[in-house]
Amino acid sequence: MSAAVKKVFDDYRVLSDEALQPEKPRVKEFLAAMKKSLQRDNWTFWLPYVLSLEACMKCGTCGEVCPVYQASGRKEIYHPVYRADMLRKIYKRYFTWPGRLFPALVGAEDLTEEKLNALAENVYRCTVCRRCAVACPMAVDNGVIVREARKILDAIGIAPEELKENGTAKQLQAGNAPGINTAAFLDMVEFLEEEIREARGYEVKIPVDKEGAEYLLMHNAGDYLAFAETVMGAAEIMHAAGADWTLNSPQTGINDAVNYGVFYSDAEFARIIKAQVETVKRLGARVLVVGECGHAFEAFKYLILRLIPEKERPFEIKSILELIDQWIKEGRLKLDPQKNPEPVTFHDSCKLGRLGGMYEEPRRILKAACADFREMSPNREMNLCCGGGSGFAIMEKGNFLEFHMETYGKLKAEQLKATGASIVACACSNCKAQFREIIRYHKLPMRYAGVSELVANALVR
Ligand code: SF4
Ligand code: SF4
C-alpha cells in the first residue's frame, strides 16, 4: 500500500480514497440505511439476512471451510464470524432492545467512523462464495450478511469504482460494461467469423440482431475482448446444432449478460435486469441463452424471480450449458473426445454450482468432449472458490491482486496442481479472468478453457 493511502483495515485497500472518503463522517447515514435494510420490503434476502444476524452460535465451523481464512494462516480478521460480527454488533447495539439498554451484556458496540471504514474494506475480502453457508449447522449465511453490508454502504455512496462506474453505469449507458459500440461490435463479429474460417476451414455465419430467432445468446461482453475462444466455440456449437439463433448488438439495448448489481446493489441489479428483459422482448426471442458467466446465470435464473415472475416474461431462460447438454443427449451435437486428448479438470464456479445447482451438466458435457476428464478434490458443493467471484476478477487496483492471489488463489493453485491436468475448464468469465492470473502468478504448467471452446474442438462434422 502506498504511503499516501490511509490504512483502514489490513495491508490492502480495495476502495480508493475517492470511493471510501475515509475522513468523511457517515455513521448517522449508515445507521439510517441499515434501518431500511432491516425492513421487510428488502425484497432480495430479508429473511435469511435477519436470521443470519440473529442465529450464529460461534461454533467456528465456517472458518474451517473459508478459503480466505484458511489461506491467510487463520488470521482472525479474515474469519467469517469476525466479518459478520462487524455488522452484527451494530445490529445488536442499535436495532435490538437489549443492545440499546445493556450493550455490554449482549456484545453490542457503538459504531465509529473507524469501524465503518474497516467494515467497508472487510466486506470486499469475502467473495460471497457461500462455502461457509453450506457447512454452517445453523444455516447462517455469512455471504448474505456481506452482500447486505455492501448494499448499505452503496446506499451511502461507498462502492468500488470497478463495479459501479465501469460496471453497472457503463452497461446501462453503452449496452455493455466494456463500452463496445455497435460498429466495433459488428467488426468484432466479422473478425470472429474469419478466425473460425482460418482455424477450422469452414464458414460459420454469426447472426446479429435477427428478430424472432428462437435463441438469443447473450455473453458476458468481456468475453468478446478477453475470451474470444468461448464466443467462437458457442457460435460453432449453435451452427453445428442447426439452431435458429442470434447475438445482439448494443443498438438493440443491452447486449451484455453481466449484472454487477448482484455484488453490491439491488437497485442497480433491478435496473439492469429490467433493461435486459426489455431487450429480449424487443427482439422477440423464445429463449434467452446465458453465455458462460456465473453471476449472470444467478441473476437471470434466480434473482430475476424476485422481481419479474416467470409468467410476466414471454421467453424462457437457459444456460448455454443446459442447451449443450440437451443437444448432446438428443444427438444434435456429435463429439469425438479424442480431439481433446489432454487431461482436463473442471472448476465448479460458485454461482453455477453452489448457488445454481449446476453440477452434472458440465461434467456430462466434458466427459463427452474430452478423453481424459479428471475431478478436482473437493468438488461440487464443497469446491473451493477461485477468488474471482463477487467482482474481484475486475478489482486489481493497488496491491489487491496480491491479496486474492495469496489467499483464495493460492489454495486454488494447489488444488489445480494436484489434478495433474493440463487444462482447467470452467464456464464463468470471472473465473477465467482469475485463472489467467493464478496460472501466471503461481507459474502453473496448464491453461484455462471455456466449456464451449472444448466442445467446439471436439465437434464431428
Ligand atoms: S458455522 Fe454458523 S453458527 Fe458456527 S460460527 Fe459459523 S456462522 Fe456461526
Ligand atoms: S462466503 Fe466464502 S469467502 Fe465469504 S466468508 Fe464464506 S467461505 Fe469465506
Side-chain angles (χ1 to χ4, degrees), residues 9-10 12 14 44-45 47-89 91-92 106-107 118-151 153 160 262-264 294-295 298 347-356 378-393 395 400 403-413 415 428 430-431 434 438:
F9 175 60
D10 56 4
Y12 305 95
V14 69
T44 34
F45 299 110
L47 193 56
Y49 166 46
V50 175
L51 292 176
S52 294
L53 285 174
E54 291 280 357
C56 176
M57 60 178 182
K58 310 287 190 272
C59 67
T61 310
C62 49
E64 299 310 308
V65 299
C66 172
V68 64
Y69 174 64
Q70 292 297 323
S72 73
R74 303 168 82 90
K75 270 195 194 158
E76 193 199 358
I77 56 167
Y78 298 134
H79 196 290
V81 174
Y82 181 94
R83 185 181 304 107
D85 271 359
M86 291 172 92
L87 195 70
R88 198 173 276 126
K89 285 174 184 170
Y91 168 70
K92 286 192 174 162
V106 293
L119 172 70
E121 274 291 320
N122 199 0
V123 293
Y124 288 97
R125 299 295 180 274
C126 162
T127 61
V128 196
C129 74
R130 289 182 166 144
R131 198 168 188 248
C132 54
V134 174
C136 174
M138 299 293 287
V140 170
D141 193 334
N142 290 303
V144 161
I145 293 181
V146 162
R147 188 174 181 276
E148 291 299 322
R150 290 182 181 189
K151 275 167 52 184
L153 290 159
V262 167
F263 303 131
Y264 76 99
H295 83 269
E298 181 191 8
H347 165 72
D348 287 284
S349 307
C350 304
K351 305 268 187 216
L352 286 168
R354 215 162 6 248
L355 271 90
N379 57 57
R380 293 180 171 81
E381 73 278 6
M382 286 315 284
N383 188 37
L384 289 163
C385 174
C386 65
S390 156
F392 285 7
M395 285 149 65
F400 192 59
F403 172 80
H404 53 110
M405 285 303 122
E406 288 296 338
T407 53
Y408 326 86
K410 189 162 73 185
L411 286 192
K412 196 78 222 178
Q415 200 192 17
C428 171
N430 282 347
C431 297
Q434 176 77 346
I438 290 176

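Order of listing sets the numbers, starting from 1, for every ligand and every atom in it. Residue indices begin at 1 and follow the sequence shown.
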Ligand-side contact atoms (ligand 1) for residue partner [X], heavy atom cut-off under 4.0 Å:
X	result
Lys58	5 (S), 8 (Fe)
Pro137	1 (S)
Val81	5 (S), 6 (Fe)
Thr61	1 (S)

Shortest protein contact, [atom] (heavy atom only):
atom	result
atom 6 (Fe) of ligand 1	Cys62 SG, 2.4 Å
atom 4 (Fe) of ligand 1	Cys59 SG, 2.3 Å
atom 8 (Fe) of ligand 1	Cys56 SG, 2.4 Å
atom 3 (S) of ligand 1	Met57 N, 3.4 Å
atom 2 (Fe) of ligand 1	Cys136 SG, 2.2 Å

Practice problem: Run the numbers for me: atoms of ligand 2, each under 4.0 Å from some heavy atom of Pro67, listed by number. | Solution: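 Matching atoms, with element in brackets: 7 (S).
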
Practice problem: Pick out which of Glu298, His295, Glu381 makes a side-chain contact (heavy atoms from CB on, under 4.5 Å) with Leu355. | Solution: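 The single option meeting the side-chain contact (heavy atoms from CB on, under 4.5 Å) with Leu355 is Glu298.
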
Practice problem: Would you sort out whether Tyr12 and Glu121 count as a side chain to side chain donor-acceptor pair (under 3.5 Å), showing the intermediate values? | Solution: CA-CA 8 Å; Tyr12 305 95; Glu121 274 291 320; over 6 Å; no

Practice problem: Quickly, which of Phe392, Tyr78, Phe9 forms a ring-ring contact (aromatic ring centres under 6.0 Å, His included) with Phe403? Name it, please. | Solution: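 By the ring-ring contact (aromatic ring centres under 6.0 Å, His included) criterion, Phe403 pairs with just one of Phe392, Tyr78, Phe9: Tyr78.
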
Quick one: [atom1] on [X] to [atom2] on [Y], what's the gap to the nearest 0.5 Å?
X	Y	atom1	atom2	answer
Thr44	Lys151	OG1	NZ	3.5 Å
Leu384	Asp348	CG	CG	10.5 Å
Arg131	Gln70	CZ	CD	8.5 Å

Validation: residues 61-69 side-chain donor-acceptor distances under 3.5 Å, sequence neighbours left out:
residue: Glu64; atom: OE1; partner: Arg74; partner atom: NH1; Å: 3.3
residue: Glu64; atom: OE1; partner: Arg74; partner atom: NH2; Å: 3.4
residue: Glu64; atom: OE2; partner: Arg74; partner atom: NH2; Å: 2.7

Practice problem: Would you list the protein N, O or S atoms within less than 2.8 Å of atom 4 (Fe) of ligand 2, leaving out water? | Solution: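 Result, waters dropped: Cys126 SG.
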
Quiz item: Does Arg147 count as lying over the ring of Tyr124, i.e. NZ or CZ under 6.0 Å from the six-ring centre, within 45 degrees of the axis?
Solution: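 Not satisfied by the 6.0 Å and 45° rule.
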
Quiz item: Are the side chain of Arg83 and the backbone of Val123 linked by a donor-acceptor contact shorter than 3.5 Å?
Solution: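 No; judged by distance alone, with no hydrogens or angles, the pair does not exist.
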
Practice problem: Give a yes-or-no answer on whether the side chains of Ser349 and Arg354 include a donor-acceptor pair shorter than 3.5 Å. | Solution: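 No pair is found: no donor N or O on one side chain lies under 3.5 Å from an acceptor on the other.
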
Quiz item: When you look for heavy atoms under 4.0 Å from ligand 1, do you find them on the side chain of Met138, its backbone, both, or neither?
Solution: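 Side chain only; the backbone of Met138 stays clear of ligand 1.
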
Self-check item: Asp10/Lys75 ion pair, N-O < 4.0 Å
Solution: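 Lys75 and Asp10: not salt-bridged.
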
